[in-house]
> 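Okay, handing you the structure first.
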Amino acid sequence: MKVQKIFGIILLILSIVLSSCTTKKEQPSQPNIVFIMSDDHAYQAISAYRHPIGKLAPTPNIDRIGNQGMIFNRMFVTNSLCGPSRAAIITGKFNHLNGFMRNGDRFDPDQPTFPKMLQKAGYETAVIGKWHLKSLPKGFDYWYVLPGQGHYYNPDFVEQTGDTVRAHGYVTDIITDKALSWLKGRKDKSKPFLLMFQHKAPHREWLPAEPYLDLYHKTTFPLPDNFFDNHEHMGTAARDAEMLVSENMALSSDNKIDPEIVTETGHTPFLKWYFNAYRNNLKRMDDQQRARWDEVYKPINEAFRRNPPSGDELFKWKYQRYMQDYLACIRSVDDNVGRILDYLKENDLEENTIVVYTSDQGFYLGEHGWFDKRFMYEESFRTPLLIRYPKLLKPGTKSDKLVQNIDFAPTFLELAGVPVPDDMQGVSLTPLLKGKNPDNWRKSLYYHYYEFPGIHMAKRHYGIRTEQYSLIHFYYDIDEWELYDLEKDPAQMNNVIDHPEYMEIRNTLHHQLDSLVKMYKDPLDDAPESNEKI
Ligand code: SGN
Ligand code: CA
């Protein structure tokens, strides 16, 4: 009896060991990559970054990635705009080299990209969601992408056949459904995979999903200290930009006030076009979605009609409306990130999968009085980055090193054991992920923005950011330099370019900037104007 029992136990242990060996065998030796990118998601709106906004609108699932892995506090983009950022990510190069400088440009799909290289190295590759590079994706076994900016409700998608089809439902949920069904349907599970899971949300015009339409309607979000900034001590570019919550945010399409009520209460739209945008968004809804929309927004419209706020009160009202809708869109992103993380867990894929959460750029949540991005001032230049990879990364780690979106391509290639081409300009993050603190890590970052003239009228500029300073040159229709001391003035309110005590640092930064321009081979010539609608 006793012998039988012991024999039974040995058999049981053997079978467990054997079954774990078989699962191991089925797992590819190269890591899987789940690259999650949302659109315009400010780090201030991710609770792992411990900003006051994140406390009021937590993102527990996105936080999970960082808490189980690494949170990067100094992650930046090369050009704070959707298309250019995406082009930099897949090529690992600045926009003057990959040719995609402004939204509306066309990405040359025949140039080398990391998804193509991974595909060649045996990865199964997919991109699902926002693409925004005009040409169709190449280097993917499967793709299903939004045309252009895409829509929130009942969005159109471009399929691999080239056909555009209308889906039913809410964009963030649909993108996730498609991603999950691609993951489940993979035929050869011995192959490693790359999934680029890319959301439209929380891009303007911030339309939340039906259950979340009023999620934050009872919350009051704190105004940033510099919400009423008049940019007096910054420069012409900041003063001339058209991205003020007060003046340039549309009461109709952005704040969801019916165009008739906007007019009736004596407001003129900054652009008449926003009225059409408002109407077109509603037209896409089915009866049920529309009924829920009316249930939530009709009382807000009525209150606005009865008692329209004015002056600073109106600007504060607009800010609350902005935050409520923006953050409610993020709630759906967070839920859906949770669905993907759960799938990985339930299918034993956690250990061998690198999960990345990032955004195509940062976003102003009222800082300097703004929404939108484009500028090299911190909130839009910086973007969130959280990475989980249990094989390499210890849970709960943080990095303050300067990293940039061109670093993704070399990082993924290195971790997949694929040689990194010499002309890629990013640097692999692998040493940081391994917990090393290399002394020779980059000490400065380069930036170049081109889309001017254009919507929001942020002037062309390029510059350098070190750990302590940022030096920016605005050019094209002006020739102005700005210098900020980020230690003393993290909110960048005070341009110290002409302050005598900064003369020496200014000269040093000029030299360093010249070296970056050379190193990154930026010809610094004026990009031609784009007249295409983005
Ligand atoms: C649209 C938005 C702009 C935004 C650009 C670029 N206006 O034009 O506010 O800056 O996209 O965004 S909207 O009224 O059409 O929403 S990006 O993320 O694609 O670069
Ligand atoms: Ca964007």
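Along the sequence shown, the residues carry numbers beginning at 1. Note that ligands are numbered from 1 as they come in the structure, with each ligand's atoms numbered from 1 the same way.
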> Hey, is W273 touching ligand 1 through its side chain, its backbone, both or neither, going by heavy atoms under 4.0 Å?
side chain
> Side chains of Y322 and F221, heavy atoms from C-beta outward: is any pair under 4.5 Å?
no
> Stepwise, does the side-chain hydrogen bond (donor to acceptor under 3.5 Å, both in side chains) test hold for H151 with N280?
CA-CA 10 Å; H151 286 98; N280 290 338; over 6 Å; no
> Only heavy atoms of K373, strictly under 4.0 Å: list the atoms of ligand 1 that pass.
4 (C), 6 (C), 10 (O), 12 (O), 17 (S), 18 (O), 20 (O)
> Closer than 3.0 Å to the Ca ion (ligand 2): how many protein N, O or S atoms are there?
5
> For the pair D156 and R284, find out whether any cationic side-chain nitrogen is under 4.0 Å from an anionic carboxylate oxygen.
yes
> Taking the six-membered ring of Y49 as reference, does the NZ or CZ atom of R382 fall below 6.0 Å from its centre and within a 45° cone about the axis?
yes
> Identify whether NZ of Lys or CZ of Arg in K373 sits under 6.0 Å from the centre of the six-membered ring of F363 and within 45° of that ring's axis.
no
> Which atoms from ligand 1 have a heavy atom of Y274 less than 4.0 Å away?
14 (O)
> When you compare the side chain of M376 with that of S80, does any pair of heavy atoms fall below 4.5 Å?
no
> Are F371 and ligand 1 in contact, using a heavy-atom cut-off of under 4.0 Å?
no
> Checking contacts here: is it the side chain or the backbone of D254 that comes within 4.0 Å of ligand 1, counting heavy atoms only? Could be both or neither.
neither
> So D286 and N154, side-chain hydrogen bond (donor to acceptor under 3.5 Å, both in side chains) or not? Walk me through it.
CA-CA 8 Å; D286 67 19; N154 309 327; 5.0 Å; no
> Is any side-chain N of the basic residue among D214 and R292 closer than 4.0 Å to the acidic one's carboxylate O?
yes
> State if M243 counts as touching ligand 1 under the rule of any non-hydrogen atom under 4.0 Å.
no
> By number and element, which atoms of ligand 1 are closer than 4.0 Å to a non-hydrogen atom of D372?
3 (C), 4 (C), 9 (O), 10 (O)
> Mark up the atoms of ligand 1 that fall under 4.0 Å of a heavy atom belonging to Q361, in ascending order.
18 (O)
> Do the ring centers of F375 and Y449 come within less than 6.0 Å of each other?
no
> Is the closest N or O pair between C82 and ligand 1 shorter than 3.5 Å?
yes
> Answer with side chain, backbone, both or neither: which part of K130 has a heavy atom less than 4.0 angstrom from an atom of ligand 1?
side chain
> Any cation-pi pair here, K200 with Y152, using under 6.0 Å and within 45°?
yes
> Against heavy atoms of R374, which atoms of ligand 1 measure under 4.0 Å?
4 (C), 5 (C), 6 (C), 10 (O)
> Centre of F452's six-membered ring, under 6.0 Å away, within 45 degrees of the axis: is that where NZ or CZ of R460 sits?
no
> Can you check whether L251 reaches F304 side chain to side chain, under 4.5 Å on heavy atoms?
yes
> Check whether any heavy atom of M249 sits under 4.0 Å from an atom of ligand 1.
no
